[in-house]
Amino acid sequence: MDIPVVFTLSSLYILAILCCCSQGQSPPYEAECVEGKYPPPSSRRVKEYVVNLDLPGKERWKHVAAEKKQEIKNILASFKKYIYDFGGIAAEIWYLIDLLGPAIVDVLPQPFQDEIRGISDVTGIEIGEVTLYNIFYEIFTVCTSIVAQDSNGTLYHARNLDFGLFMGWDPKNRTWEITELLRPAIVNLDFQRGGKTVFKSVNYAGYVGILTAISPGKFTLTMNERFTLDGGYIGIINLILTGKGTWMGFLTRATMEKAESFKEARAMLTSTQMIAPAYFILAGNTSGQACVITRNREVNGTDTWWMKEAGGWYVLETNYDHWSKPLFVDDRRTPANKCMKKLTQKGVGIPGIFDVLSSRPVLNKLTTYTALMQVNQGHLETWLQYCPDPCFPW
Ligand SMILES: *[C@@H]1O[C@H](CO)[C@@H](O)[C@H](O)[C@H]1NC(C)=O
Ligand SMILES: *[C@@H]1O[C@H](CO)[C@@H](O)[C@H](O)[C@H]1NC(C)=O
Ligand SMILES: *[C@@H]1O[C@H](CO)[C@@H](O)[C@H](O)[C@H]1NC(C)=O
Ligand SMILES: *[C@@H]1O[C@H](CO)[C@@H](O)[C@H](O)[C@H]1NC(C)=O
């Protein structure tokens, strides 16, 4: 295999972190466990929109896309500028993606094809770019997901979504441009059929896949990026050549729309070939029903790590296999575990978990939001997150 083929975009994240470290930088603070951060000011609460699944695909996103058009454009413009700044073959890669965009959208499964066309129509953004926009969330989502059970057996599922692309450092504000641009695009969505909620999710407006979602009374799901050399381009090329493989975001979306139970959701998430590896963090509505599914691109080799093996009352996943150590410069797992142990099972609930996810370095400069779900009440809430200095990275 050629180096450029093996080299996945997501390795940029690891390279950037290693670069930072080799320059002698390390987090400018000790890991912390904060308390009393909940609730944050109401200005940080994310607004909800209804997506009507009874409408044709092209019509479903009209209101969201119209309202968030500028935000989506800003994100794409920033991404494009960043790719071009790389020079060399980066510009050609972008050119290729742009060129292939319309062809790729033609082979996407429905309803995604129509939904992406609809978003392109409303925003006036080229279809190739909307397609790219829908792909890059699959590649750069660096995160922390936690499922915890309180002493009554109630399950809570929460996550931080960090956008793992070191893009556009702003030395004056000491922020990452892409993270700043992503926050205003965050929306809560209530997907309805016949006027009734099928599931709820947190999305960056314009993205039609699922990274964080709840099927009320049934199950909750989050996806974390898994970095391996087996991901990215190889899967895409394989899809083009053999037609085998599903975009992660489409699989999670189909799971949210179709699965009627934790069991069915688990079956869908473990039996479909994907384009890139991933971690699925899945929890049900019954005590003990919580696991981390470590997926390869292929269906074989799937690992399911249950809450009872993980620690009894909670299971936690960042972006590393649970059986191996995290990358030493990106260890959010050890600090998060430390805060969970300090919280204890007695402290489990929305405020306690929010505190864990608000503790540096679990909270970091790439964190865009914290979402909190309680399945038995069908509850989902999302808060924008900021990490004031001193905060990693940089
Ligand atoms: C467990 O349930 C009892 C009775 O409903 C309630 O008082 C208590 O607060 C609950 N504990 C937790 C940790 O939610
Ligand atoms: C920097 O921060 C200020 C104050 O919060 C804000 O008005 C300004 O837009 C920021 N600049 C950039 C480039 O984000
Ligand atoms: C989910 O659990 C709650 C109790 O925790 C129960 O009342 C409810 O019926 C369950 N929902 C479903 C769909 O089983
Ligand atoms: C999965 O199956 C393929 C072909 O059937 C094989 O090449 C690959 O090594 C297997 N992977 C694992 C992790 O078992």
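Values reported hereafter were calculated over all heavy atoms of this structure, with side chains retained and with hydrogens, waters and symmetry mates removed. In each ligand, atom 1 is the first atom listed, and ligand 1 is the first ligand listed.
- Contact check on E257 versus R193 returns a salt bridge, with a Lys/Arg side-chain nitrogen under 4.0 Å from an Asp/Glu carboxylate oxygen.
- Results of the side-chain hydrogen bond (donor to acceptor under 3.5 Å, both in side chains) test with N319 over R332, R226, E225 single out R332 as the only residue that passes.
- Considering only non-hydrogen protein atoms, atom 13 (C) of ligand 3 sits nearest to G217 O, 3.1 Å.
- You'll find the side chain of K73 stays beyond 4.5 Å of the side chain of E71, heavy atoms only.
- The presence of a protein heavy atom under 4.0 Å from atom 9 (O) of ligand 3 is ruled out.
- Each of the atoms 2 (O), 3 (C), 5 (O) of ligand 3 lies under 4.0 Å from some heavy atom of N376.
- For N285, a nitrogen or oxygen atom sits less than 3.5 Å from a nitrogen or oxygen atom of ligand 3, counting backbone and side chain alike.
- Residues I116 and N134 form a side-chain contact, since some pair of their non-hydrogen atoms from C-beta on lies under 4.5 Å apart.
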